[in-house]
Amino acid sequence: MSKTYRSMLLIAGIVILAYGVYTLFQPETQVSVGSLDLVKQDNTGSYITIAMGIIAIGLSLFMNKK
């Protein structure tokens, strides 16, 4: 794998991982009615995004040169 592709894969992995962590902690929906606050959050997509970022980083770091 050429150095350019490895660098691009590393950068993409870091961006995907950062986005996954951001969506994991950022609430999706929040409603405030008086003193009652309701927050709905579904993290299943975030876990998949984080896993894809980790896989991309791992591939870019541990692939052998041909």
query = At their closest point, which heavy atom of Ala56 faces which heavy atom of Gly13, and how far apart are they?
reply = CB-CA, 3.7 Å

request  = Kindly compute the distance separating CD (Gln26) from OG (Ser46), expressed to the nearest 0.5 Å.
outcome  = 10.5 Å

query = Residues in side-chain contact (heavy atoms from CB on, under 4.5 Å) with Tyr47, at least two apart?
reply = Leu24, Asn43

remark   = Between the CG atom in Leu59 and the CD1 atom in Ile54, the distance rounded to the nearest 0.5 Å is 12.0 Å

inquiry  = Restricting to side-chain hydrogen bond (donor to acceptor under 3.5 Å, both in side chains), what partner residues turn up for Thr49, sequence neighbours left out?
reply    = none

task = Report the residues that fulfil side-chain contact (heavy atoms from CB on, under 4.5 Å) with Ile57, sequence neighbours left out, ordered by chain and then residue number.
result = Leu10, Ile14, Leu17, Leu61

query = Taking a hydrophobic cluster as the set of Ile, Leu, Val, Met, Phe, Trp and Tyr residues connected by side-chain heavy atoms closer than 4.5 Å, whether directly or through intermediates, do Tyr19 and Phe25 fall within one such cluster?
reply = no

key: With sequence neighbours excluded, residues passing side-chain contact (heavy atoms from CB on, under 4.5 Å) with Thr4   = Ser2, Met8

inquiry  = Who clusters with Met52? Use side-chain heavy atoms, under 4.5 angstrom, across I, L, V, M, F, W and Y, and order the result by chain and number.
reply    = Ile16, Ile48

